Colleague: 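My questions will all concern the structure given below.
Just so you know, residue 1 is the first one in the sequence shown, and it goes up from there. In this text the structure is predicted, and so the values were computed from the model without any measurement.
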Amino acid sequence: MSPFPGEEPLRREALRVFVRGLEIEAGIGVYDHEHGRLQRLVIDVMLELEPNAIERLGDTVNYETVAEAARAIAAEGHIGLVETFAERLGRACLDDSRVVRAAIRVEKPGALAAAAAPGCEIVLAR
C-alpha cells in the first residue's frame, strides 16, 4: 500500500550508490620513472545494493567509507597496475554485505600522451 493516498505502490528495482571523480594521489605504475613519486588517479565507483527502503545512513553505504577505502589502498604503498588498484577497491567495497555488485573505474590522467585518461574498469559481484 502506498503511503500517499491515491497513488499506486511502486516496486524498487535497483539501488545504486556512487562516487564519481574522486581524485587521490598514489604510488602507481610499472615503469622505473613511476617509482618513488605520486600520480593522480581519478576514481568512479558504482555500488549496487539490495533495493530496500533507506531511512537512515545505517541502511546504506556512506560515500566517505568508499573514499576512505581508496585512500587506504593508496597509503599501503606502490601498486604496479591500475587494474590491481581497482580490484582491491572493489573487494573492499564488497566487504560490506549490503553491496551485491561493484563497478570500479580508475583513470590515470597524464599517463598516455594525447589521451584524456587511460585506465580500466572492473566489475565484481557476489
Colleague: Not counting sequence neighbours, which residues clear side-chain contact (heavy atoms from CB on, under 4.5 Å) with Ala92? List them please.
Modeller: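 side-chain contact (heavy atoms from CB on, under 4.5 Å) list for Ala92, sorted by chain: Ala69.
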Colleague: With sequence neighbours excluded, tell me which residues meet salt bridge (charged side-chain N to carboxylate O under 4.0 Å, His left out) with Glu83.
Modeller: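 Salt bridge (charged side-chain N to carboxylate O under 4.0 Å, His left out) list for Glu83, sorted by chain: empty.
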Colleague: If you look at every heavy atom in Leu22 and Ala67, which pair is closest and at what distance?
Modeller: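 Here Leu22 and Ala67 meet closest at CD2-CA, 3.8 Å.
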Colleague: Following the transitive rule for hydrophobic clusters with a side-chain heavy-atom cut-off under 4.5 Å over Ile, Leu, Val, Met, Phe, Trp and Tyr, establish whether Val45 and Ile54 coincide in one cluster.
Modeller: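 Val45 clusters together with Ile54.
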Colleague: Check this for me: Asp32, atom CG, are more than 12 non-hydrogen atoms of other residues, nucleotides or ligands nearer than 6.0 Å?
Modeller: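 Check fails, neighbour count at 12 or below.
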Colleague: For Arg126, check side-chain hydrogen bond (donor to acceptor under 3.5 Å, both in side chains) against everything at least two apart and list the hits.
Modeller: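 None.
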Colleague: Who passes side-chain contact (heavy atoms from CB on, under 4.5 Å) against Thr84, sequence neighbours left out?
Modeller: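 Partners of Thr84 under the side-chain contact (heavy atoms from CB on, under 4.5 Å) test: Ile79, Leu81, Arg88.
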Colleague: Testing the basics here: between Val123 and Ala103, what is the closest heavy-atom pair and its distance to 0.1 Å?
Modeller: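 Heavy atoms of Val123 and Ala103 come nearest at CG2-CB, 4.0 Å.
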Colleague: Only counting residues at least two apart or in another chain, list the ones meeting side-chain hydrogen bond (donor to acceptor under 3.5 Å, both in side chains) with Arg16.
Modeller: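 Partners of Arg16 under the side-chain hydrogen bond (donor to acceptor under 3.5 Å, both in side chains) test: none.
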Colleague: Sequence neighbours excluded, which residues qualify as side-chain hydrogen bond (donor to acceptor under 3.5 Å, both in side chains) partners of Arg98?
Modeller: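 Result, side-chain hydrogen bond (donor to acceptor under 3.5 Å, both in side chains) vs Arg98: Asp96.
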Colleague: Locate the shortest heavy-atom distance separating Val106 from Ala86; write the atom from each residue and the value.
Modeller: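 Closest heavy-atom pair between Val106 and Ala86: CG2-CB, 3.8 Å.
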Colleague: Which residues pass the side-chain contact (heavy atoms from CB on, under 4.5 Å) test with Ala117, sequence neighbours left out?
Modeller: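 Checked Ala117 against side-chain contact (heavy atoms from CB on, under 4.5 Å); matches are Glu107, Pro109.
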Colleague: Decide whether Leu15 and Val61 are clustered together by the hydrophobic rule: side chain heavy atoms of Ile, Leu, Val, Met, Phe, Trp, Tyr closer than 4.5 Å, transitively.
Modeller: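 Looking at the clustering, Val61 is in the same group as Leu15.
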Colleague: For residues 38-55, pull every pair meeting side chain to side chain donor-acceptor pair (under 3.5 Å), keeping only residues two or more places apart or in separate chains.
Modeller: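 Only Glu23-Arg40, Glu34-Gln39 qualify under side chain to side chain donor-acceptor pair (under 3.5 Å).
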Colleague: Keeping to residues at least two apart or across chains, list the salt bridge (charged side-chain N to carboxylate O under 4.0 Å, His left out) pairs with something in residues 58-74.
Modeller: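 Every salt bridge (charged side-chain N to carboxylate O under 4.0 Å, His left out) pair that includes a residue of residues 58-74, provided the two are not neighbours, is Arg56-Asp59, Glu64-Arg71.
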Colleague: Does Leu124 have any side-chain contact (heavy atoms from CB on, under 4.5 Å) partners at least two apart in sequence or in another chain, and if so, which?
Modeller: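 With sequence neighbours excluded, Leu124 shows a side-chain contact (heavy atoms from CB on, under 4.5 Å) to Glu87, Arg91, Leu94, Ile122, given in chain and number order.
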Colleague: Is any side-chain heavy atom of Ile28 less than 4.5 Å from a side-chain heavy atom of Val82?
Modeller: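 Yes. Closest side-chain heavy atoms under 4.5 Å.
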Colleague: From Ile43 CD1 over to Arg20 CZ, what is the distance, rounded to the nearest 0.5 angstrom?
Modeller: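 One gets 14.5 Å once the value is rounded to the nearest 0.5 Å.
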Colleague: ring-ring contact (aromatic ring centres under 6.0 Å, His included): which pairs involve residues 107-126, sequence neighbours left out?
Modeller: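 Qualifying pairs: none.
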Colleague: Mind listing the closest non-hydrogen atom pair of Ala102 and Leu47 along with its distance?
Modeller: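 Scanning both residues completely, I find the closest heavy atoms to be CB-CD2, 3.6 Å.
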Colleague: Which residue pairs pass the ring-ring contact (aromatic ring centres under 6.0 Å, His included) test with at least one member in residues 50-103, sequence neighbours excluded?
Modeller: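 Counting only pairs at least two positions apart or across chains, the ring-ring contact (aromatic ring centres under 6.0 Å, His included) contacts touching residues 50-103 are His35-His78.
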